[in-house]
2 protein chains.
Amino acid sequence: MARPLLIDRESVLVAAFRIADEEGLAAVTMQRVATDLLVTPMALYRHVANKADLLDGLVELLLDDVPLPPATMPWRERLRWIAESIRLAAQAHPAVFVLLFQRPATTAALDVRRAIYDALRDGGVPESEVARTERVISTVILGFAASEAGGRFRNRPKREVDSDFAAAQAMVEHYLDQMRGEGASSTS
Amino acid sequence: MARPLLIDRESVLVAAFRIADEEGLAAVTMQRVATDLLVTPMALYRHVANKADLLDGLVELLLDDVPLPPATMPWRERLRWIAESIRLAAQAHPAVFVLLFQRPATTAALDVRRAIYDALRDGGVPESEVARTERVISTVILGFAASEAGGRFRNRPKREVDSDFAAAQAMVEHYLDQMRGEGASSTS
DNA sequence: ACCTGAACACCGTTCAAGT
DNA sequence: ACCTGAACACCGTTCAAGT
């Protein structure tokens, strides 16, 4: 049988992801990733097109790590679950999370978006308003999570940031209740 | 009289700001800034501590460019003015704007924050809620502006993004009306 | 005090070469 | 097909030297 591969795309991304988590995005260099994998930097180029492609891969990995709620859960709880999952992912992987703001939705982000669409529909948001409602509430949650991940709240006590997040969530839910209009079918 | 300085801190920041605007943050290197100023890269280190200091200076420059509303304007219009100013600054200087998410509030950001505080107080938000209200609405507006500046809405038509911004603003205003409580003193 | 020259330890990326 | 060696054109930053 053929000589086994020393590395593949996944091992490259996993190594880079770990470096980002532990030492920040600036530490993620082709040379450093290669060193951790015991290969030369040039070996990486067979598995990622270039560094931008590598960073795109990190965002995918991050979003795969955002657990989506079971479809059996009441819609309102599903939305809270997703918001909480995104915030936890931002806290666990702040360096990678900030990349989310630098590029348009990738395929993994589409899974999250679809889960939000489903919850909004189940909550009675009219079909014509589902897409916009998702964009607005995602921007609020992502904005909050990215602020936290990026360090904009660095000087604030954790309890305060937590209750600010609760306030932002309350604002979103209220907006949602308006969007649900008269066609609302269920509550929770 | 002494030989005139070739460069000073302001000229360094202005040169870097222009490069960021025209070619993005990746183009802002010490060597490139120096080249534009007709000096060697090492000359910059007499005027900025290092590259991080230079980037901090760019954020200051950006925030100085956010016009604040006249105090005579009704409070609600002042808030809309500020939100609009921030969004325009993000559109005009997207590369620098994303840095705002990477660092805690600087002195220039404090001017903006104070203007928001004043408007909230004039709108009847209880003193105990002013600070949190400012944090929540700033996060929404900044999150939206950063999404736009970072390219998260890159694939969307401008009209759609505009109306999403209006929806986010409406959400914020509604939240605000709740925060105003019974002590509201004026409307507009 | 302000700027330069030379140098150091890095970057991302290419290309031809090995197996 | 996969990885390496050598090389290129960059980075940020330091230090000693010039004026």
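Lettering follows sequence order; numbering is per chain, from 1.
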Rounded distance (nearest 0.5 Å) linking atom CD of A:Gln102 with atom OG of B:Ser147:
10.5 Å

Gap between atom CD of A:Glu173 and atom CZ of A:Arg180 - 0.5 Å precision
10.0 Å

Assert: residue with more 5' nearest nucleotide on DNA chain C, out of A:Arg46 and B:Val39, is B:Val39

Nearest nucleotide by nearest heavy atom, which residue falls closer to the 5' end of DNA chain C, B:Ile7 or A:Ala52?
B:Ile7

Looking only at side-chain N and O atoms, does B:Gln31 come under 4.0 Å of OP1 or OP2 in D:dC10?
no

Would you say A:His47 places a side-chain N or O within less than 4.0 Å of OP1 or OP2 belonging to D:dC3?
yes

Between [atom2] of [N] and [atom1] of [X], the distance in whole Å:
X	N	atom1	atom2	result
B:Leu44	D:dG12	CG	P	10 Å
A:Leu54	C:dT13	CG	C1'	14 Å
A:Tyr45	C:dA16	OH	P	17 Å
B:Leu55	D:dG12	CG	C1'	12 Å
A:Leu6	C:dT19	CG	P	15 Å
B:Leu25	D:dC11	CG	C1'	14 Å

Dot-bracket pairing map - DNA chain D, Watson-Crick plus G-U, both contacts under 3.5 Å, | cross-strand
||.|||||...|||||.||

With a 3.5 Å cut-off and no angle check, do the side chains of A:Asp21 and A:His93 form a donor-acceptor pair?
yes

Looking only at the side chains, is there a donor atom on one of B:Ser138 and B:Glu134 sitting less than 3.5 Å from an acceptor on the other?
yes

What's A:Met30 touching, base or sugar-phosphate or nothing? Going by heavy atoms closer than 4.0 Å.
sugar-phosphate

What's the closest nucleotide to the [X] side chain, out of [options]?
X	options	result
A:Lys51	D:dG12, C:dT13, D:dC3	C:dT13
B:Met42	C:dC3, D:dC3, D:dT14	D:dT14
B:Thr40	D:dT13, C:dT13, C:dG5	C:dG5

Looking at side-chain heavy atoms only, is the closest gap between A:Leu54 and A:Val12 below 4.5 Å?
yes

Close side-chain approach of B:Val161 to B:Phe144, heavy-atom, < 4.5 Å
yes

Closer than 4.0 angstrom, basic N to acidic O: yes or no for B:Asp162 and B:Arg159?
no

